[in-house]
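First comes the structure, then the notes that go with it.
Computed over heavy atoms, backbone and side chain alike; hydrogens, waters and symmetry mates excluded. We count ligands from 1, going down the list as the structure has it; atoms in each ligand are counted the same way.
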Amino acid sequence: MIYLDANATEPLRPEARAAAIAAMDCLGNPSSVHTDGRAARRLLEAARTTIGTRFGPGSVVFTSGGTEANALAIHGLAPGRRVLVGATEHPAVLAAAPGAVAIPVDGDGVVSLAALEALLREGPALVCLMAANNETGVQHPLAEVAALCRAAGAMLQVDAVQAAGRGTVPGGWHSLAISGHKMGGVKGAGALLLAPGVEIGALIAGGGQERGQRGGTEALPAIAAMAAAAVSDPSDLSVLRDRMEARLLDLAPEVVIAGKAVPRLGNTSCIALPGVAAETQVIALDLAGVRVSAGAACSSGKVARSHVLEAMGLGSLAGCAIRVSLPWNATEQDVDGFIIAWAAMRQRISRSAA
Ligand code: PLP
């Protein structure tokens, strides 16, 4: 089996597993004042310090994952502001901001700074942009975006779910969303970082946990695992990925790789094979033992047309792109195995079309 679906979820890192198991043996509830509660609290606060130091400066609100962290940011920061969202944002952001104005992207998937600047002139705004796209890996120029937001007095929420743990996460934001399982942690924990001085109201009220910003007992094992994963050394997978893309283009010049010309995450490749449904490709590769995603798999397991490729003006390819995302432990053999399976799939499909 070859697992190349890291952007859906990364394999568990050994240090994250060890941290989760140790935390599972921690009996107390971090909100309890007795000795066991205080031990759990120490573990929780150590994780908070690790995450805050790694991605901050800022305070850290633990959540159930990236979806909730984005929703919490938008719920907390949107009142009184127009919400502007990148056209290629993840559904976690789009669903949390109904009625938001889309900021267009260019053919490479990079946000239009001119369009953003014009939108910012129209009044107080909350800008929601991802650090890296989950389907293409394309990174927005967030330093420039942050400067525009600062000049216009707008707030900036950055979805760093895919970028965190895979290199540098830029600064200049008011809030930043991350997710543990996308860094090699356990599913079920994420965090919202808030820049110094930024306070928000709770989306989920409850027992006053997380300084009243998120009710509910913290998922200590998943949080401990997220902190351990956050400080793991990121793998540089770009050489492996670039070699893979070069071989695919050699084999099949009709292949289109979305966002290839601009800065991207080193592990991600969005590969369109014109005329072949993404679902067909994913199933054929799965039968050959290779796990990849369609560009836009929704939670029901169905393959939807990719709104990301459509926003990039690649609508004709939106139903025929797969996403290959190398995990932190990917090897050259994995990529070789993928190329063999992909080439066999393409040959079978072109034979049956002939
Ligand atoms: N944001 C982006 C860019 C993502 O890729 C994902 C998950 O795929 C999310 C948010 C949601 O994260 P989670 O699965 O932790 O809720």
Side-chain angles (χ1 to χ4, degrees), residues 4-12 16 51 55 60-75 85-97 100 105 109-111 127-140 142 157-167 169-170 173 175-193 203-204 214 216 218-219 221-223 225-227 229-230 258-259 264-265 267-270 291-301 303-304 306-309 311 321 323-327:
L4 303 179
D5 199 15
N7 290 13
T9 196
E10 283 279 2
L12 190 59
I51 300 267
F55 299 110
V60 176
V61 183
F62 288 120
T63 66
S64 64
T67 301
E68 189 192 328
N70 277 298
L72 176 61
I74 293 167
H75 175 268
V85 299
T88 57
E89 291 301 296
H90 189 272
V93 170
L94 299 176
V105 297
V110 179
V111 71
V127 174
C128 301
L129 270 182
M130 59 207 329
N133 184 268
N134 47 299
E135 292 183 31
T136 60
V138 167
Q139 294 163 305
H140 293 307
L142 280 181
Q157 148 64 16
V158 172
D159 177 356
V161 163
Q162 293 292 347
R166 297 196 177 122
V169 170
W173 39 262
S175 58
L176 181 95
I178 62 169
S179 173
H181 73 110
K182 308 282 190 186
M183 297 189 284
V186 172
K187 297 167 191 70
L192 185 69
L193 281 96
L203 177 60
I204 302 169
R214 198 272 187 180
E218 293 90 347
I223 289 170
M226 173 166 64
R264 280 181 298 163
L265 293 177
N267 79 317
T268 307
S269 187
C270 178
R291 316 290 188 240
V292 301
S293 274
C298 53
S299 52
S300 64
V303 175
S306 164
H307 76 285
V308 173
L309 295 186
R323 175 185 70 189
V324 175
S325 49
L326 307 180

At what distance is the nearest protein heavy atom to [atom], and which residue and atom is it?
atom	answer
atom 7 (C) of ligand 1	Lys182 NZ, 2.9 Å
atom 5 (O) of ligand 1	Gln162 NE2, 2.8 Å
atom 3 (C) of ligand 1	Asp159 OD2, 3.4 Å
atom 15 (O) of ligand 1	Ser179 OG, 2.6 Å

* To do: Have a look at Ser293 and tell me which of Leu4, Val324, Asp5 forms a side chain to side chain contact (heavy atoms under 4.5 Å, CB included) with it.
  =>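 Of the listed residues Leu4, Val324, Asp5, the side chain to side chain contact (heavy atoms under 4.5 Å, CB included) partner of Ser293 is Asp5.
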
* To do: Run through Val158, Val93, Leu94 and flag the one making a side chain to side chain contact (heavy atoms under 4.5 Å, CB included) with Cys128.
  =>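 Going through Val158, Val93, Leu94 one by one, the side chain to side chain contact (heavy atoms under 4.5 Å, CB included) with Cys128 is satisfied by Val93 alone.
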
* Asked: Going by atom types alone, do Asn70 and Gln157 pair a side-chain donor with an acceptor below 3.5 Å?
  ->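 Yes, because at least one side-chain N or O of Asn70 sits under 3.5 Å from a partner of the opposite role on Gln157.
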
Atoms of ligand 1, numbered as shown, that sit under 4.0 Å from any heavy atom of [X]:
X	answer
Met130	3 (C)
Asn134	3 (C), 5 (O)
Thr67	11 (C), 12 (O), 13 (P), 16 (O)
Gly65	15 (O)

* Asked: Which value, rounded to the nearest 0.5 Å, describes the distance between His90 atom NE2 and Asn7 atom CG?
  ->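 That separation rounds to 10.0 Å.
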
* Output the distance between atom CG (Leu203) and atom CD1 (Ile74), rounded to the nearest 0.5 Å. =>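 If we round to the nearest 0.5 Å, Leu203:CG and Ile74:CD1 are 10.0 Å apart.
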
* **Whether Lys187 lies under 4.0 Å from ligand 1, heavy atom** =>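 False for this residue.
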
* To do: Could you tell me if any non-hydrogen atom of Glu89 lies under 4.0 Å from any atom of ligand 1?
  =>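 Distance cut 4.0 Å: Glu89 fails for ligand 1.
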
* Of all heavy-atom pairs between Gly185 and Ala229, which one has the smallest distance, and what is that distance? ->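 Closest approach of Gly185 to Ala229: N-CB, 3.8 Å.
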
* Within-cut-off N or O pair, Gly66 and ligand 1, under 3.5 Å ->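 Yes, since at least one N or O of Gly66 sits under 3.5 Å from an N or O of ligand 1.
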
* Sub-3.5 Å N/O-N/O distance, His181 and ligand 1 ->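 Yes, His181 has an N/O under 3.5 Å of an N/O on ligand 1.
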
Kindly indicate whether the side chain of [X], heavy atoms from C-beta on, has any atom under 4.5 Å from the side chain of [Y].
X	Y	value
Val105	Val138	no
Cys270	Arg323	no
Trp173	Leu193	yes

* Given Glu68, Glu135, His90, which has its nearest heavy atom closest to atom 6 (C) of ligand 1? ->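 The option holding the nearest heavy atom is His90.
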
